[in-house]
There are 2 protein chains.
Amino acid sequence: MPEQKHGDTERRLLAGALSVFCEKGYDGASIREIIKRAEVTRPVLYYYFANKEGLFHRLVTDSFEQAFAEFENALAGVVGCRARLKALIRVAFARTECSPEVARFLLHVFFSPPQEGPQFDKVRFGRRRLGLVAALMREGIEAGELAGGDPETLALAFCGLMDMHIMAKAQEPERRLTPELGQDLVDLFMDGARSGVPAV
Amino acid sequence: MPEQKHGDTERRLLAGALSVFCEKGYDGASIREIIKRAEVTRPVLYYYFANKEGLFHRLVTDSFEQAFAEFENALAGVVGCRARLKALIRVAFARTECSPEVARFLLHVFFSPPQEGPQFDKVRFGRRRLGLVAALMREGIEAGELAGGDPETLALAFCGLMDMHIMAKAQEPERRLTPELGQDLVDLFMDGARSGVPAV
DNA sequence: GTCTAGACCTACCGTTCGGTAAGCCGGGGT
DNA sequence: ACCCCGGCTTACCGAACGGTAGGTCTAGAC
C-alpha cells in the first residue's frame, strides 16, 4: 500500500508544479505555492525531489520525452513529406487540445530567457525537435517532393507556423486546434498562400 | 548640464535593465544586478522609476512602440501583398541584427507565462502586431493575390515563421538574419515548399 | 553669501525566498 | 514485544529580495 500512496503523492507534486511553473515561470513559481496546490507540506517535496531545480528538470524531461516519442510514433509507417507533416501536426494539436498545460509549459521553457531557471540546456530539447522536422524536410527534398532550400530553415518555418498556433491557443483558450486546421496549415506550408494563378 | 546627466543616467538604467531582463526574465532579474550594470546605486533607480514594475513597463512599451512604428513606416507606399510582407520582414530582421536584445526581449515578453512579471496585458501587444499582419493578409485576399483562408490564421503562420527565426538567432547568435533570407521566407510563405511539378 | 532643488549617497527595513533539523507515527518483519 | 523504516510533521534557518528613510553634495538663482 505504500507503493500506491507514494506514487500518488509524487503525481500530485508533479501536477502542482506543472500548473504553477506554467502560470508563473520558473523564478516566479514558489515552492510554497507548489506544495499548496499539491496539498503537501514542504519537506515532502524535498523527500521526493532534490530541490526546486530537480522537480523542474524532471518535469521538463518527462514532458518532452513523452511528446517526442508520440511524434516519432505518429511518423512510423507514414510515407511522403506532406503526409508526414500532417501526422506530426495532428499529434501536436491533439496533445495541446487534451492537455494544454504540458504543451504550453514546453513552449514557455523553450522560449524563455537563457538564464531563467536552472542552467540546463533547454536549447538541446528545441534542437532535437527541430532535428526531427529538419530530417523530414531533407527526405522531402531528396524525394523531389520539396523544391529545395535549407532543410533547417524549412524546419524552423514549419515549427514556427505550428508553435505560433499553439501559443495563440494558450493565450485565448477558446481557439480550437482542430485536426482540419492542422491539415490546412500543412497545405499552406506546402502550396503557399498565393492564389493559384501561375506566377509569371 | 543637469539635463545631459539626467538623460544619460536614465539611459544607462534602461540599458542595464534591458540586458538583465533579457537574460533572466522579469522575476529572475534583481534590482541589485540592474543597478550594478547601470553603475548606479539603488535609490537612483527609484528616483527615475516608481519601482521594478515601472521600469519594466517603460521598457516594454518603448521597445514595442518603436518597433511597431518602424513596421508601419516600412509599409508606407509599398503595394502588393508579397512586397509588403517582404518590407515587413526586412525591417524585423534588420532590427534583430542591429539590436538583438530588443527583439529578444519583446519575444520573451510575448511568449512568457501569463502571470510572470506584472499583470499588464502583454497579450495586447502581441495582438496589435498580429492585427497589422492580418490586415495585410486581408488586403491580399481581397486583391486576389492570396488564395483565401482566415486572415488571422495566415497572420499567425507568417509571424510564426518570422519569429521562429528571430528566436533561433537569439539561441545561436552566429546565425545571420540577412535580407535575402527574409525575402526567401516570404517567397516560401507565398509559393509553398513543394516542388513546382504539379501535384497528383 | 545664502537658499533651493535636483541628483545622488549610506544604511536600514520587513518580507519572502529555498532549504533543513529533528522528531512523530503506523505497519510489516522477526 | 520489539524494532525499523518509509512517509510525513512542526518549527526553524540564513540569504536575497524589493523598497525606503534621511542625509550629502553640487550648481544655479538671487
Side-chain angles (χ1 to χ4, degrees), chain A residues 1-60 105 109 112-113 115-120, chain B residues 1-60 105 109 112-113 115-120:
Chain A
M1 199 145 325
E3 181 54 39
Q4 199 170 340
K5 205 126 201 280
H6 182 99
D8 180 60
T9 304
E10 189 184 27
R11 237 171 285 124
R12 286 213 316 278
L13 269 167
L14 286 169
L18 176 66
S19 77
V20 181
F21 282 138
C22 200
E23 278 179 23
K24 321 218 173 166
Y26 182 82
D27 288 306
S30 77
I31 290 289
R32 285 164 171 82
E33 182 143 13
I34 291 173
I35 61 172
K36 196 168 146 194
R37 298 204 193 176
E39 291 179 305
V40 148
T41 60
R42 194 159 351 166
V44 173
L45 188 151
Y46 291 94
Y47 179 78
Y48 285 90
F49 302 92
N51 47 30
K52 185 185 180 182
E53 180 174 335
L55 175 52
F56 181 75
H57 192 271
R58 165 79 178 278
L59 218 42
V60 173
F105 175 67
V109 169
S112 66
Q115 296 202 50
E116 171 161 353
Q119 228 80 342
F120 81 106
Chain B
M1 203 147 320
E3 181 54 39
Q4 198 170 343
K5 205 128 202 274
H6 182 99
D8 181 61
T9 305
E10 188 184 28
R11 238 170 287 124
R12 286 212 318 276
L13 269 167
L14 286 169
L18 176 65
S19 78
V20 181
F21 283 137
C22 199
E23 276 177 26
K24 322 219 173 165
Y26 182 82
D27 288 305
S30 77
I31 289 291
R32 285 165 171 82
E33 182 144 12
I34 291 173
I35 60 170
K36 196 167 146 195
R37 297 204 193 177
E39 293 180 302
V40 147
T41 61
R42 195 155 353 164
V44 173
L45 188 150
Y46 291 95
Y47 178 77
Y48 285 90
F49 302 93
N51 48 29
K52 183 184 182 183
E53 181 175 333
L55 176 51
F56 181 75
H57 191 272
R58 163 81 179 276
L59 219 41
V60 173
F105 175 66
V109 169
S112 66
Q115 296 201 51
E116 173 161 352
Q119 229 80 343
F120 81 107

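Values in this document were obtained by computation on a predicted structure and should not be read as measured data. Chain letters run A, B, ... following the sequence lines, proteins first and then strands; every chain starts at 1.
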[X] [atom1] to [N] [atom2]: how many Å, rounded?
X: A:Arg32; N: D:dA11; atom1: CZ; atom2: C1'; value: 13 Å
X: A:Tyr47; N: C:dG23; atom1: OH; atom2: C1'; value: 15 Å
X: A:Asp8; N: D:dC8; atom1: CG; atom2: C1'; value: 14 Å
X: A:Ile35; N: D:dG7; atom1: CD1; atom2: P; value: 19 Å
X: A:Glu33; N: C:dT15; atom1: CD; atom2: P; value: 20 Å
X: A:Ile31; N: D:dA16; atom1: CD1; atom2: P; value: 17 Å
X: B:Phe56; N: D:dG19; atom1: CZ; atom2: P; value: 14 Å
X: B:Phe49; N: D:dG19; atom1: CZ; atom2: C1'; value: 16 Å

Hey, does [X] reach any base, or is it just sugar-phosphate, or nothing, if we go heavy atoms under 4.0 Å?
X: A:Thr41; answer: base
X: B:Ala50; answer: nothing
X: B:Tyr48; answer: sugar-phosphate

- Item | A:Thr9 vs D:dG7: side-chain N/O to OP1/OP2 distance below 4.0 Å |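 The answer is no; no side-chain N or O of A:Thr9 sits under 4.0 Å from OP1 or OP2.
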
- Message: Would you say B:Tyr46 places a side-chain N or O within less than 4.0 Å of OP1 or OP2 belonging to D:dG19?
- Response: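 For D:dG19, OP1 or OP2 has a side-chain N or O of B:Tyr46 closer than 4.0 Å.
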
Which nucleotide in the list [options] gets nearest to the side chain of [X]?
X: B:Lys52; options: D:dG19, C:dG18, D:dG7; value: D:dG19
X: B:Pro43; options: D:dT9, C:dG18, D:dT20; value: D:dT20
X: B:Ser30; options: D:dG18, C:dA7, D:dT9; value: D:dG18

- Toward the 5' end of DNA chain C, which comes first, A:Asn51 or B:Arg42, by nearest nucleotide?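 Whichever sits nearer the 5' end wins; that is B:Arg42.
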
- Item | B:Glu53 vs B:Gln119, side chain to side chain contact (heavy atoms under 4.5 Å, CB included): CA-CA, chis, key distance, verdict | CA-CA 10 Å; B:Glu53 181 175 333; B:Gln119 229 80 343; over 6 Å; no

Check: residues 36-49 of chain B side-chain donor-acceptor pairs under 3.5 Å, at least two apart:
residue: B:Arg37; atom: NH1; partner: B:Ser19; partner atom: OG; Å: 3.0
residue: B:Arg37; atom: NH1; partner: B:Glu23; partner atom: OE2; Å: 3.3
residue: B:Arg37; atom: NH2; partner: B:Glu23; partner atom: OE1; Å: 3.1
residue: B:Arg37; atom: NH2; partner: B:Glu33; partner atom: OE2; Å: 2.8

- Query: Does B:Lys52 reach the main-chain N or O of B:Ala29 with its side chain, forming a donor-acceptor pair under 3.5 Å?
  - Reply: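 Checking the backbone N and O of B:Ala29 against the side chain of B:Lys52, a donor-acceptor pair under 3.5 Å is found.
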
- Item | Heavy-atom closest contact (A:Leu55 atom, A:Ala17 atom, distance) |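 Shortest heavy-atom separation between A:Leu55 and A:Ala17 comes out as CD2-CB, 3.7 Å.
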
- May I ask you to decide if the ring planes of B:Phe56 and B:Phe120 are parallel, tilted or perpendicular, using 30° and 60° as cut-offs? perpendicular

